[in-house]
There are 2 protein chains.
Amino acid sequence: MALDPKTRKPTIYDIARICGVSGATVSRVLSDSGYPVKEAVRARVVAVAKEVGYTPNAIGRMLRRRESADIGVVLPNLSNPYFTSVLLGLETEAHRLGYNVLLASSFRDPETEARSLRMLATKQVAGAIVSLTRPDANLLKDLQSGGIAIVTFDQVVEGLKCSRVEFDFEAAGKLAVAHLHALGHRDIAFASSPIDRPSRRSLQRGFLEGLAAFGIPGGEHRIFLGTSEAEGTEGYEVENGRRLAGRLAGRSPRVPTAVFAANDVTAFGLIQGFAALGVRVPDDVSVLGFDDLPFSAWVTPALSTIAHPAFETGAAAMRLLSDALREPGKVTVERFAPRLVPRASCAPPAPWKAPQGGTT
Amino acid sequence: MALDPKTRKPTIYDIARICGVSGATVSRVLSDSGYPVKEAVRARVVAVAKEVGYTPNAIGRMLRRRESADIGVVLPNLSNPYFTSVLLGLETEAHRLGYNVLLASSFRDPETEARSLRMLATKQVAGAIVSLTRPDANLLKDLQSGGIAIVTFDQVVEGLKCSRVEFDFEAAGKLAVAHLHALGHRDIAFASSPIDRPSRRSLQRGFLEGLAAFGIPGGEHRIFLGTSEAEGTEGYEVENGRRLAGRLAGRSPRVPTAVFAANDVTAFGLIQGFAALGVRVPDDVSVLGFDDLPFSAWVTPALSTIAHPAFETGAAAMRLLSDALREPGKVTVERFAPRLVPRASCAPPAPWKAPQGGTT
DNA sequence: CTGAAAGCGCTTACAG
DNA sequence: CTGAAAGCGCTTACAG
């Protein structure tokens with residue numbers, strides 16, 4: 001315990017001095033370099049390190065080695081359970097692979113997003129996994145040319161070469177319409193928070209294409225979007241759904257017979273909003289969600305929805321990043337397809353009403 | 001663009017060379033030091049920095065300044081929505097205060113937990129916000145003596161001086177029993193995943209004290225705990241609840257009339273498990289949750305529960321940490337109290353059955 | 001097997 | 001207002 005005055009944290013040189021060896025030797029022992037060191041010396045160094053409570057300084061090491069085990073993660077919004085599940089998948093895989101996660105929620109603000117990206121560059125992260133509200137190829141290219149590997153998910157950034165996890169949002173939109181159409185619906189609406197991300201845009205496009213495929217005219221009377229700017233706060237999505245239910249229920253001359261919600265949470269809001277107005281789901285209107293969150297199977301009516309594999313998306317993104325880190329320049333695309341999960345919130349429209357499905 | 005051979009990232013010295021000034025001057029300009037620099041020089045430096053695409057290296061700066069804006073966060077389990085909400089509160093406040101979050105989920109493994117803590121020390125974080133599966137005062141004291149501020153939540157670590165966000169779990173357990181007792185229940189059980197954290201222990205203690213206060217004998221036939229070691233995986237809690245429902249339903253000579261679940265997700269599992277066995281909630285058995293997750297108000301029957309403010313806990317923890325960083329040694333304790341949120345999953349026991357409450 | 005020395009990118013007394 | 005120099009804690013050719 002022969003340390004300096006002001007309870008300074010011991011460094012490699014403190015240990016070196018105590019052991020009567022050079023800093024280089026201590027470094028070789030303590031960094032598991034595999035470099036040969038006489039066994040007696042090694043033992044002494046390890047013992048002294050322990051005795052003085054030595055903690056390696058990763059900053060010093062990083063500066064010297066110019067490498068990092070940190071991965072930046074930029075998500076639009078932690079209050080949406082979808083992203084929370086992505087994060088869980090990411091974190092699980094990161095842990096398995098030995099990476100640390102630097103989290104940066106953008107709160108759906110492009111400014112914050114850009115700042116987070118720059119912050120990550122500043123921190124010299126090895127790579128970043130991002131889902132952007134306002135994809136900016138130049139910003140991401142800057143990171144890449146700074147040696148930072150990028151992986152995106154749920155979006156392809158125009159003009160950027162990088163690995164990504166794709167999801168076919170357009171197919172999801174079509175699948176939604178197909179399901180509702182098969183149930184007998186012809187007057188189908190789309191409910192969403194503002195279309196501020198490409199994934200939403202694709203979903204909406206798929207929805208419209210789905211309508212077109214069945215000869216159903218699209219148009220503004222089918223599209224119900226949130227206007228609030230209070231996004232990113234907990235409960236925004238569900239509240240938006242509640243409000244949209246009011247607008248849907250008030251549409252003249254008549255209420256749509258089915259609604260496709262841009263995510264499960266919005267669907268919950270719709271169902272609640274409808275209930276408050278005495279509109280029954282699925283008796284009066286069918287509600288189809290998107291995401292298949294874990295608890296979507298627990299609500300009543302159990303939510304019919306389109307599965308969007310969240311955990312798997314996060315885990316896959318982390319794996320792709322790890323691959324890209326191991327093999328710079330490697331670009332891989334992993335694709336997930338939508339899958340229909342029919343439950344109880346969708347049923348044939350009133351005239352042809354068939355018995356409801358079970359709740360469990 | 002007069003940079004070195006191998007597309008090395010430009011440093012302060014590259015800019016200095018191009019501008020014909022010293023590195024010190026460039027640093028003064030680019031680090032917003034407030035140090036006086038001739039305006040013409042300043043402008044030139046800024047322009048060149050932009051031109052060469054300079055990105056400050058936070059590692060170099062951290063090593064020199066010995067300070068960090070990183071905060072470590074150690075959570076037991078991201079698959080539990082409670083912690084997810086805590087994280088959201090934390091992250092929101094961290095963003096507001098200008099800190100970056102280094103995330104480390106322990107997956108409920110004490111080894112992983114200890115490793116994460118050491119990793120954070122290594123990374124020279126300014127502080128850490130932790131909820132530990134196996135609280136270890138020595139481990140945390142080591143961080144503190146290394147200059148890292150610690151804030152805990154939902155637990156007080158024996159023998160550790162630090163700011164913390166407390167929650168009165170014992171009172172929550174008592175409140176649960178009081179509510180169920182007031183409804184007429186006398187045969188009340190407790191259902192939980194393994195009691196591996198002090199908070200769970202306190203909740204259970206409160207439950208038992210609550211029983212005792214009403215002269216209801218405790219005992220093993222009232223305590224139903226998960227045995228699985230598959231904790232930390234998504235869906236563990238709900239699956240555990242489903243399994244426990246089976247054990248509860250099969251208890252002889254008779255099924256309890258009410259169950260207090262250690263968290264809302266377990267309660268969902270219970271309700272599902274009961275439903276699968278034809279046991280109705282609340283008609284045959286009342287289920288009371290704990291947490292009041294956002295979606296607990298959306299399920300059917302709407303979950304009666306005890307509120308445990310998650311977002312607020314995370315935000316408060318971050319604020320306390322910020323205070324402690326600003327004023328080293330400052331120890332503050334912020335307390336949250338449990339609050340009953342009666343909904344539809346609890347009702348008087350069968351014999352005295354009264355009309356059910358509404359679902360919304 | 002060991003050490004002296006340079007250097008990772010930055011900041012900051014110190015001297016002018 | 002500016003610069004030379006030292007140093008944050010570490011690693012790693014290089015020489016022995």
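These values consider heavy atoms only, across backbone and side chains, with no hydrogens, waters or symmetry-generated copies. Order of the sequence lines sets the chain letters (A, B, ...), proteins ahead of strands, with each chain counted from 1.
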Undergrad: Of the options dT12(D), dA4(D), dA15(C), whose atoms approach the side-chain atoms of S27(A) most closely?
TA: dT12(D)
Undergrad: Provide, to the nearest angstrom, the distance between the OH atom belonging to Y13(B) and the C1' atom belonging to dT2(D).
TA: 14 Å
Undergrad: Would you tell me if any nitrogen or oxygen in the side chain of R61(A) comes within less than 4.0 Å of OP1 or OP2 on dT11(D)?
TA: yes
Undergrad: How would you label the contact of S33(B) with the nucleic acid (heavy atoms, under 4.0 Å): base, sugar-phosphate, or nothing?
TA: nothing
Undergrad: Taking only the side-chain nitrogens and oxygens of Y54(B), find out if one of them lies under 4.0 Å from OP1 or OP2 of dC10(C).
TA: yes
Undergrad: In whole Å, I'd like the distance from the NZ atom of K123(A) to the C1' atom of dC10(C).
TA: 14 Å
Undergrad: Using only side-chain N and O atoms of R65(A), determine if any of them is under 4.0 Å from OP1 or OP2 of dT12(D).
TA: yes
Undergrad: Is T11(B) close enough to dG9(C) that one of its side-chain N or O atoms is under 4.0 Å from OP1 or OP2 there?
TA: no
Undergrad: If you assign each of R64(B) and V37(B) to its closest nucleotide in DNA chain D, which residue comes earlier from the 5' end?
TA: V37(B)
Undergrad: How do V21(B) and L63(B) order along DNA chain D: which one's closest nucleotide is nearer the 5' end?
TA: V21(B)
Undergrad: Could you check which nucleotide pairs with dA4(C) in any of the strands shown, counting Watson-Crick or G-U wobble with both distances under 3.5 Å?
TA: none
Undergrad: Between A24(A) and S31(B), just flag the one whose closest nucleotide in DNA chain C comes earlier from the 5' side.
TA: A24(A)
Undergrad: Salt-bridge test for D70(A) and K123(B): reply yes if a basic N is under 4.0 Å from a carboxylate O, no otherwise.
TA: yes
Undergrad: Nearest whole angstrom, please: distance from the P of dT12(D) to the CG of D32(A).
TA: 13 Å
Undergrad: Tell me the closest heavy-atom pair linking A310(B) and S85(B), and the distance in Å.
TA: CB-CB, 3.4 Å
Undergrad: Without decimals, in angstroms, what is the distance between R17(A) CZ and dG9(D) C1'?
TA: 14 Å
Undergrad: Output the distance between atom CZ (R164(B)) and atom CG (D154(B)), rounded to the nearest 0.5 Å.
TA: 12.0 Å
Undergrad: Using a distance-only criterion (donor-acceptor N/O pair, under 3.5 Å, no hydrogens), is the base of dT2(D) paired with the side chain of Y35(B)?
TA: yes
Undergrad: For the residue pair K330(B) and T332(B), establish whether any side-chain heavy-atom pair is separated by less than 4.5 Å.
TA: yes
Undergrad: Is there a donor-acceptor pair under 3.5 Å between the side chain of E93(B) and the backbone N or O of A316(B)?
TA: no
Undergrad: Please state whether the phosphate of dT2(D), meaning OP1 or OP2, lies under 4.0 angstrom from any side-chain nitrogen or oxygen of T25(B).
TA: no
Undergrad: Is any side-chain N or O of R28(A) under 3.5 Å from a base N or O of dG3(C), one able to act as donor and the other as acceptor?
TA: yes
Undergrad: I need the CD-P distance between Q124(B) and dC8(D), as an integer number of Å.
TA: 14 Å
Undergrad: Rounded to the Å, how far apart are M62(B) CE and dG7(D) C1'?
TA: 17 Å
Undergrad: Below 4.0 angstrom from OP1 or OP2 of dG9(D), is there any side-chain N or O of R66(B)?
TA: yes
Undergrad: Starting at CD1 of I12(A) and ending at C1' of dT12(D), how long is that distance when rounded to a whole Å?
TA: 12 Å
Undergrad: Could you let me know what dA13(C) is paired to, Watson-Crick or G-U wobble, both distances under 3.5 Å, or none if it's on its own?
TA: none
Undergrad: Could you check whether D14(B) pairs with K9(B) (Lys NZ or Arg NE/NH1/NH2 to Asp/Glu carboxylate O, under 4.0 Å)?
TA: no
Undergrad: For atom C1', what is the distance between dT12(C) and dG16(C), given to the nearest Å?
TA: 16 Å
Undergrad: To the nearest Å, give me how far apart CG (N57(A)) and C1' (dC8(C)) are.
TA: 13 Å
